[in-house]
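Have a look at the structure below, then the notes.
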Amino acid sequence: FVIGTERSFEQDAGFGLIVLSEIAQRALSPAVNDPGTAIAVLGSQTRLLIEALTTPQDAEAGVCDRVTAAAAAPQALVAIAYEAIARCSLAQADVMQQWLRHIAALVDNAPPAVQASALELVQRVLARATRSSADPADVQGWHAAALSLGLGPTRRQHSGGDDLAD
């Protein structure tokens with residue numbers, strides 16, 4: 001672990017996701033208009049989260065019994081990684097389609113609590129899109145894509161860690 005006066009990627013997973021999210025948000029700004037970078041960030045965030053959430057803890061890692069820190073809640077990391085990008089993507093239909101695909105990949109590979117958090121985020125983002133000035137045809141397409149990817153509101157968790165089903 002690393003102790004310092006500034007946040008760092010080594011000590012704070014959320015900080016790394018915030019930085020990546022800010023890169024995507026800037027890429028989606030009218031001044032930059034680089035949706036490819038935003039999509040690349042989504043891929044990086046998804047890979048990082050899946051790896052972090054599915055890698056077992058090292059049983060032989062050192063224990064520091066005099067140093068404590070609150071662990072980042074995995075559910076919070078989902079919102080940190082994806083919510084701001086979705087908000088900035090409402091004018092970019094192709095980015096929103098990729099956003100939905102990356103959320104689906106996360107849901108398919110994450111623990112149940114993270115799956116639930118990601119599914120709730122999808123519903124919040126789709127509701128925001130419906131209320132926004134985004135093209136109604138795009139919004140309808142995002143709703144359809146969410147359903148086809150299994151991200152609809154009726155998706156339920158099975159007991160025993162099985163995959164989710166409609």
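- Once rounded to the nearest 0.5 Å, the distance linking CD of Gln97 with CG of Leu149 reads 8.0 Å.
- The only option from Arg101, His102, Arg47 that meets the side-chain contact (heavy atoms from CB on, under 4.5 Å) definition with Leu42 turns out to be His102.
- Residues Gln75 and Glu120 are not in side-chain contact: their nearest non-hydrogen atoms beyond the backbone lie 4.5 Å or more apart.
- Nearest heavy atoms, Pro35 versus Leu28: CA-CD2, 4.1 Å.
- Put simply, CZ on Arg87 and CH2 on Trp99 are 11.0 Å apart, with the number rounded to the nearest 0.5 Å.
- Under the side-chain hydrogen bond (donor to acceptor under 3.5 Å, both in side chains) criterion, the residue pairs touching residues 130-140 are Thr130-His143, with sequence neighbours excluded.
- Here the side chains of Leu121 and Val125 are in contact, with some heavy-atom distance below 4.5 Å.
- Among all heavy-atom pairs drawn from Leu100 and Ala145, the shortest one is CD1-CB, 3.9 Å.
- Note that the CD1 atom of Ile80 and the CD1 atom of Ile18 stand 5.0 Å from one another [nearest 0.5 Å].
- Considering every non-hydrogen atom in both Leu53 and Ala110, the closest pair reads CD1-CB, 4.3 Å.
- The distance from the CD1 atom of Ile39 to the CD1 atom of Ile85 is 11.0 Å, given to the nearest 0.5 Å.
- Across Ser21 and Ala84, no two heavy atoms sit closer than the pair OG-CB, 3.8 Å.
- Put simply, the side chain of Leu90 reaches to within 4.5 Å of the side chain of Trp142, judged on heavy atoms.
- A pairwise comparison of heavy atoms in Tyr82 and Gln45 identifies OH-C, 3.9 Å as the closest pair.
- Here the straight-line distance linking atom CG of Leu17 with atom CG of Leu49 works out to 5.0 Å at 0.5 Å rounding.
- Counting heavy atoms from C-beta outward, Leu48 and Leu20 have side chains that approach closer than 4.5 Å.
- No donor-acceptor pair closer than 3.5 Å links the side chain of Gln115 to the backbone N or O of Leu106.
- Residue Met96 comes nearest to Ala86 through the heavy atom pair SD-O, 3.8 Å, listed as atom of the first residue, atom of the second, then distance.
- A distance of 10.5 Å separates SG in Cys88 from CZ in Arg26, rounded to the nearest 0.5 Å.
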